[in-house]
Chemist: 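Below: one structure in structure tokens.
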Amino acid sequence: MKVLLTGGAGFIGRHVHDQLLAEGHEVTVLDSFRPDVHAQRPEPRPGLIIGDVRAPRTYDGVDTVIHLAAKVGLGVHLDDIDDYVSSNSLGTAVLLKSLGSVRNLVYASSMVVYGEGRYDCAEHGQVAPAPRRPEDLDEGRFEPPCPYCDTPLSPGLVTEDAVPDPRNAYAASKLNGEHLAAVWARETGGRVAALRFHNVYGPGMPRNTPYAGVAAIFRSALERGETPRVFEDGRQRRDFVHVRDVATAVTTAASALPRQPEFTAYNVGSGTVTTIGEIAAELCRAYDAPPPIVTGEYRLGDVRHITASSDRIQHELGWKPAVDLTAGLTDLRHSPTL
């Protein structure tokens, strides 16, 4: 394939680039090297376009576009809402308008489009959780209650047909990109694979990266000689997937696009549910540090549990994660940051 890889100089992009080359594909990277992400800006060279996806251009001779470029972050401050919309929503729209004869697109989405994960009530079945109440959190009752009977819910795995519920500007912009890509596919006969990445970690992970969330925050604390501090009771459920597994998921989806429907969303996770407390403890062991401190503190807007099933991409495309969490976290101690 002849591939255009947007955001190819970033954390995930560099691993995708390496995987594409290893598979024998011809790759052109488009990256803006925005200063809030990259300390240095290289000179343009063959195979590297330095520019913003919001700048219209032509992509002649490209078979497939892998669109990773985005403003990432927690998206919790409204001061940044215009930048998220401009960088992610508008950036995707301009890219789609510029694709010309290209008909294959892999779009980097995120599990944050779901908001909270799946919950089941023993009496009422699958339900959307009621908002957590400060008085419950103050008393250490962290599990969201059933909106009908007020009893604690059982968390489960979200599938791709769940109703999205983005809770911040970043999540909303990523979901909007999915919608725009689906419109492009319908109008052009194109094919889109939207990959909803879980918490991505691994070599080259930036300090405090929102991709891996607490894993990066805990790692930074350990490198400063501090003990990681875990909010709530540490039992919040997440799925941490290694960046090399994410890279193979991207290239697998790209190669399969000509045989796919117009638009397909795929969860991309390790398939292993891990709690925040467990990830902190694993990192402490990897750094030969004392156990983490579970504080009982909370942030009212935090999602309690979000884990999703990656069965669809495994069954339909044959992708499987290969990096064990313990080994992957141990590698972090010896790997540089981006």
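Just so it is clear, the values below take in all heavy atoms, side chains as well, and ignore hydrogens, waters and symmetry mates.
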Chemist: Less than 3.5 Å apart, any donor N or O on the side chain of Ser173 or Asn88 sitting next to an acceptor on the other?
Modeler: yes

Chemist: Specify whether Phe240 and Tyr201 have parallel, tilted or perpendicular ring planes, treating 30° as the upper limit for parallel and 60° as the lower limit for perpendicular.
Modeler: perpendicular

Chemist: Does Phe33 belong to the same Ile/Leu/Val/Met/Phe/Trp/Tyr cluster as Ile12, with side-chain heavy atoms less than 4.5 Å apart forming each link?
Modeler: yes

Chemist: If we only count heavy atoms from C-beta on, is the Arg238 to Ile276 side-chain gap below 4.5 Å?
Modeler: yes

Chemist: Determine, step by step, whether Asp31 and Arg14 satisfy the salt bridge (Lys or Arg N to Asp or Glu O under 4.0 Å) criterion, reporting the C-alpha distance in whole Å, the side-chain angles of both residues, the deciding distance to 0.1 Å, and the verdict.
Modeler: CA-CA 11 Å; Asp31 202 296; Arg14 289 171 26 168; over 6 Å; no

Chemist: What about Tyr59 and Val29, same hydrophobic cluster or not, with Ile/Leu/Val/Met/Phe/Trp/Tyr joined at side-chain heavy-atom distances under 4.5 Å?
Modeler: no

Chemist: Taking all atoms of both residues into account, what is the closest heavy-atom pair of Ser32 and Asp52, and its distance?
Modeler: CB-CA, 4.1 Å

Chemist: List the steps, then state whether side chain to side chain contact (heavy atoms under 4.5 Å, CB included) holds for Asp63 with Val102.
Modeler: CA-CA 6 Å; Asp63 303 316; Val102 179; over 6 Å; no

Chemist: Just by distance, with hydrogens left out, do Ser87 and Asp83 show a side-chain donor and acceptor under 3.5 Å apart?
Modeler: yes

Chemist: Does the side chain of His198 pick up a donor-acceptor pair with the side chain of Ser270 at under 3.5 Å?
Modeler: no

Chemist: Applying side-chain hydrogen bond (donor to acceptor under 3.5 Å, both in side chains), can you list everything that pairs with Ser154, at least two apart in sequence or on another chain?
Modeler: none

Chemist: Measure across Val200 and Met205 and return the closest heavy-atom pair with its distance rounded to 0.1 Å.
Modeler: O-SD, 4.3 Å

Chemist: Count the heavy atoms of every other residue, nucleotide or ligand shown that sit under 6.0 Å from CZ of Arg237, and state whether that count exceeds 12.
Modeler: yes

Chemist: Salt bridge (charged side-chain N to carboxylate O under 4.0 Å, His left out) with Arg229: which residues, sequence neighbours excluded?
Modeler: Glu297

Chemist: Leu96 versus Leu105: any side-chain heavy-atom pair under 4.5 Å?
Modeler: yes

Chemist: Which heavy atom in Tyr107 sits nearest to a heavy atom in Gly177, and how many Å separate them?
Modeler: OH-CA, 3.3 Å

Chemist: According to a hydrophobic-cluster definition based on side-chain heavy atoms being under 4.5 Å apart (Ile, Leu, Val, Met, Phe, Trp, Tyr only), do Val192 and Trp319 belong together?
Modeler: no

Chemist: Does the pair Arg304/Glu232 count as a salt bridge with the N-to-O cut at 4.0 Å?
Modeler: yes

Chemist: In Å and rounded to the nearest 0.5 Å, what is the CG to CG distance from Leu283 to Leu222?
Modeler: 6.5 Å

Chemist: Going by the rule salt bridge (charged side-chain N to carboxylate O under 4.0 Å, His left out), which residues pair with Arg244 if we only count those two or more places apart in sequence or in a different chain?
Modeler: none

Chemist: Under the side-chain hydrogen bond (donor to acceptor under 3.5 Å, both in side chains) definition, can you give me all pairs with a residue in residues 183-194, not counting sequence neighbours?
Modeler: none

Chemist: Is the shortest heavy-atom distance from the side chain of Val65 to the side chain of Val3 under 4.5 Å?
Modeler: no

Chemist: Looking at OG of Ser255 and CD of Glu23, how far apart are the two atoms once the value is rounded to the nearest 0.5 Å?
Modeler: 5.5 Å

Chemist: Could you state the interatomic distance from CD (Glu160) to OH (Tyr114), rounded to the nearest 0.5 Å?
Modeler: 5.0 Å

Chemist: I need the minimum non-hydrogen distance between Val230 and Ala280, along with the two atoms involved.
Modeler: CG2-CB, 3.7 Å

Chemist: Please tell me if the side chains of Val53 and Val94 come closer than 4.5 Å, counting only heavy atoms from C-beta onward.
Modeler: no

Chemist: Mind jotting down which residue pairs meet the salt bridge (Lys or Arg N to Asp or Glu O under 4.0 Å) criterion with at least one end in residues 96-112? Sequence neighbours excluded, please.
Modeler: none

Chemist: Please tell me whether Ile306 and Val72 are part of a single hydrophobic cluster in this structure, the criterion being side-chain heavy atoms less than 4.5 Å apart.
Modeler: yes

Chemist: Rounded to the nearest 0.5 Å, what separates atom CZ in Arg132 from atom CG in Asp302?
Modeler: 7.0 Å

Chemist: Quick one: are Phe197 and Met111 in side-chain contact, heavy atoms under 4.5 Å?
Modeler: no

Chemist: Do you know the tightest heavy-atom contact between Cys121 and Cys146?
Modeler: SG-SG, 3.7 Å

Chemist: Taking all non-hydrogen atoms of both residues into account, name the closest pair between Gly296 and Phe142 and its distance.
Modeler: O-CZ, 3.8 Å

Chemist: Are Leu325 and Thr274 packed together at the side-chain level, in the sense that at least one heavy-atom pair is separated by less than 4.5 angstrom?
Modeler: yes

Chemist: Determine whether more than 12 heavy atoms belonging to other residues, nucleotides or ligands lie under 6.0 Å from atom CD of Glu26.
Modeler: no

Chemist: Take Asp233 and Arg141 through the salt bridge (Lys or Arg N to Asp or Glu O under 4.0 Å) test and state the conclusion after the steps.
Modeler: CA-CA 9 Å; Asp233 57 3; Arg141 295 189 293 270; over 6 Å; no

Chemist: State, with a plain yes or no, whether a side-chain heavy atom of Ile66 is found less than 4.5 Å away from one of Leu4.
Modeler: no

Chemist: Within this structure, what is the CG-OG distance for the pair Leu180 and Ser89, rounded to the nearest 0.5 Å?
Modeler: 6.5 Å

Chemist: Could you check whether any side-chain heavy atom of Ile49 comes within less than 4.5 Å of a side-chain heavy atom of Thr28, counting everything from C-beta outward?
Modeler: yes

Chemist: Taking Ser109 for the side chain and Ala194 for the main chain, is one N or O donor matched with an acceptor at less than 3.5 Å?
Modeler: no

Chemist: Could you state the interatomic distance from SG (Cys284) to CD1 (Ile279), rounded to the nearest 0.5 Å?
Modeler: 11.0 Å

Chemist: Hey, are Arg196 and Glu178 close enough for a salt bridge, meaning a charged N less than 4.0 Å from a carboxylate O?
Modeler: yes

Chemist: Just one of Gln236, Arg118, Glu143, Glu116 clears the side-chain hydrogen bond (donor to acceptor under 3.5 Å, both in side chains) bar with His305, so which one?
Modeler: Glu143

Chemist: Given side chain to side chain contact (heavy atoms under 4.5 Å, CB included), test Asp82 with Ser86 step by step and report yes or no.
Modeler: CA-CA 6 Å; Asp82 52 344; Ser86 177; 5.9 Å; no

Chemist: Are Leu68 and Met1 connected, step by step, through hydrophobic side chains (Ile, Leu, Val, Met, Phe, Trp, Tyr) whose heavy atoms are closer than 4.5 Å?
Modeler: yes

Chemist: Before you tell me yes or no, could you show the steps for Tyr170 and Val112 under side chain to side chain contact (heavy atoms under 4.5 Å, CB included), namely the whole-Å CA-CA distance, both residues' side-chain angles and the distance that decides it to 0.1 Å?
Modeler: CA-CA 8 Å; Tyr170 171 65; Val112 297; 3.9 Å; yes

Chemist: Just grab all the ring-ring contact (aromatic ring centres under 6.0 Å, His included) pairs involving residues 145-164, residues at least two apart or on different chains.
Modeler: His124-Tyr148

